[in-house]
Amino acid sequence: MKDTFYTYIETLQNQITSKLEEIDGSAKFREDVWERPEGGGGRSRVIENGKVFEKGGVNISAVHGALPESMQNYFGVEDADFFACGLSLVIHPKSPMVPTVHANWRYFEMYDKEGNIVDQWFGGGQDLTPYYLFDEDAAHFHSICKRACDNNNPTFYQEYKKRCDSYFWNAHRDEARGVGGLFFDYCKATEEMKMQDWYDFVVEVGNSFLEAYIPIVLKRKELPYTDEQREWQEIRRGRYVEFNLVHDKGTLFGLKTNGRIESILMSLPPHVQWRYDHHPEKGSEEERLLKILQSPKEWV
């Protein structure tokens, strides 16, 4: 399973980076192939200062070895080894009219000292973070997410949308990071869902990503915007940074397993602001966005 899934995310990385380069028309992804001293490595691809994409990363990795003590305590195990692989991406467009997007799809195995698999699961998801909210864009993104779920189980969309709304929540701000999407984790074998079934589901979600995001980029990338709208984008990016550094489990896992710091923090945007006690004007589009982020909405 781990070999099959890693082959898949290698292919998916190629498909996504090629499409993003085509749309940007200027910048290309820089590739870094790196090794982790404790075992494994990855292939990071970062795009910067493009015509459409100000910064973005599409990274794959496969790491293995002894599970660090902090993670053993987290999982409630002793002397365990692990293997983890996945694709993680964050794209920060230049225009405030184009939303930031995040996605990841991952697979994890845990072993006893004899090398037997004692646990395994899939996880992942994809979510959208707009700065100016076009309702039809959020509806499009969610409709693609829902279709990928419905093709596997009619209960998945509502369950994983709800988890996404709950997970990508800046508790210290009492607001959502964005308009959500899907979030699923610890997807393990059951009588109803074998590991192959979970693999098929994750692959379907992964394959849906470009269809969910690219039409939004194409529709919004040429819209005019003001310096004030750009400033609002940078203020909202500050909330994105806060979530990733305070709440995100993936960031925490990478830091605690001696992950590659450049790959872990590639999700942070290049230009960001923190303004003291900032509030948008009453009745503005900025205020409308904040009101929606304070209470998750049904988009489809």
Side-chain angles (χ1 to χ4, degrees), residues 13 15-30 45-59 88-104 125-145 164 168 170 175-182 208-244 266-273 280 284-293 297 299-300:
Q13 184 191 40
Q15 292 172 344
I16 292 173
T17 55
S18 294
K19 190 63 178 180
L20 293 175
E21 285 182 346
E22 175 190 324
I23 288 172
D24 190 273
S26 172
K28 299 292 185 182
F29 279 89
R30 166 191 170 185
R45 291 180 181 170
V46 175
I47 191 170
E48 293 182 292
N49 302 315
K51 182 180 178 183
V52 177
F53 303 115
E54 188 170 19
K55 184 184 176 188
V58 183
N59 301 339
S88 180
L89 69 85
V90 178
I91 305 298
H92 292 291
K94 184 176 180 180
S95 168
M97 298 300 155
V98 184
T100 284
V101 73
H102 157 261
N104 73 82
Q126 51 202 40
D127 66 287
L128 198 68
T129 304
Y131 306 101
Y132 286 89
L133 179 59
F134 298 90
D135 289 36
E136 62 267 34
D137 293 352
H140 167 77
F141 189 85
H142 277 268
S143 69
I144 300 302
C145 290
C164 188
F168 292 106
N170 256 334
E175 66 182 27
R177 186 174 81 172
V179 295
L182 302 174
S208 78
F209 170 76
L210 288 174
E211 186 179 355
Y213 185 57
I214 295 304
I216 298 172
V217 177
L218 295 176
K219 189 183 291 187
R220 307 300 172 194
K221 66 185 179 71
E222 302 295 343
L223 293 179
Y225 59 88
T226 65
D227 291 342
E228 290 76 17
Q229 289 171 323
R230 171 71 179 180
E231 186 172 86
W232 171 249
Q233 177 195 43
E234 293 180 357
I235 291 170
R236 291 307 305 172
R237 281 175 170 181
R239 304 296 175 90
Y240 198 94
V241 171
E242 288 174 23
F243 179 86
N244 280 25
M266 66 87 192
S267 63
L268 304 184
H271 299 285
V272 61
Q273 291 189 44
S284 65
E285 279 297 302
E286 293 86 352
E287 185 190 52
R288 185 175 85 91
L289 173 67
L290 288 188
K291 286 182 177 179
I292 287 179
L293 295 183
K297 182 176 176 178
W299 293 103
V300 294

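Note that the numbering runs from 1 along the sequence shown for the chain.
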Is there a side-chain contact between [X] and [Y] (heavy atoms, below 4.5 Å)?
| X | Y | value |
| --- | --- | --- |
| H140 | P215 | yes |
| I216 | L128 | yes |
| V101 | L89 | yes |
| F168 | T129 | no |
| R239 | L293 | no |
| Y132 | W232 | yes |
| E48 | V46 | yes |
| L223 | F134 | yes |

Derivation and outcome, side chain to side chain contact (heavy atoms under 4.5 Å, CB included), residues L268 and V90: CA-CA 8 Å; L268 304 184; V90 178; over 6 Å; no

Using every non-hydrogen atom in the two residues, find where [X] and [Y] come nearest and quote the distance to one decimal.
| X | Y | answer |
| --- | --- | --- |
| C145 | Q126 | SG-NE2, 3.6 Å |
| W299 | A139 | O-CB, 3.8 Å |
| G180 | F141 | O-CE2, 3.7 Å |
| A27 | G50 | CB-CA, 3.5 Å |
| Y240 | S267 | CE2-O, 4.0 Å |
| A138 | V179 | CB-CG2, 4.1 Å |

Ion pair E136/K219, N-O distance below 4.0 Å: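 Looking at E136 and K219, the cut-off is not met.
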
Between CD on residue E175 and CZ on residue R177, distance to nearest 0.5 Å: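 It comes to 12.0 Å.
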
Step-by-step side chain to side chain contact (heavy atoms under 4.5 Å, CB included) determination, K94 to K221: CA-CA 9 Å; K94 184 176 180 180; K221 66 185 179 71; over 6 Å; no

Would a distance-only check, ignoring hydrogens and angles, find a side-chain to backbone donor-acceptor pair under 3.5 Å from [X] to [Y]?
| X | Y | answer |
| --- | --- | --- |
| R236 | E231 | no |
| D24 | F53 | yes |
| H92 | R237 | no |
| Q13 | V58 | yes |
| N59 | R45 | yes |
| Y213 | P99 | yes |

CA sep, side-chain torsions, deciding dist, call: L20, I47, side chain to side chain contact (heavy atoms under 4.5 Å, CB included): CA-CA 9 Å; L20 293 175; I47 191 170; 5.5 Å; no

Any residue meeting side chain to side chain donor-acceptor pair (under 3.5 Å) with S284, in chain and number order, not counting sequence neighbours: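 Counting only residues at least two positions away or on another chain, S284 forms a side chain to side chain donor-acceptor pair (under 3.5 Å) with E286.
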
Which residues share a side chain to side chain donor-acceptor pair (under 3.5 Å) with H102, sequence neighbours left out: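 Expected list: N104, D127.
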
Test side chain to side chain contact (heavy atoms under 4.5 Å, CB included) applied to V52 and V217, step by step: CA-CA 9 Å; V52 177; V217 177; 3.9 Å; yes

Heavy-atom neighbours of K55 NZ exceed 12 at 6.0 Å: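 Buried by this count: over 12 neighbours within 6.0 Å.
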
Crowding at CZ, R30 (>12 non-hydrogen neighbours, <6.0 Å):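 Check fails, neighbour count at 12 or below.
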
Donor-acceptor side-chain pairing of Y131 and T100 below 3.5 angstrom: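 T100 and Y131 do have a side-chain donor-acceptor pair below 3.5 Å.
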
Test item: side-chain donor near acceptor, R230 and Q233, under 3.5 Å: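 There is such a pair (donor and acceptor under 3.5 Å, judged by atom type) between the side chains of R230 and Q233.
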
Side chain to side chain contact (heavy atoms under 4.5 Å, CB included) partners of K19, counting only residues at least two apart: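 With neighbours one apart ignored, the set is E22, I23, L210, I214.
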
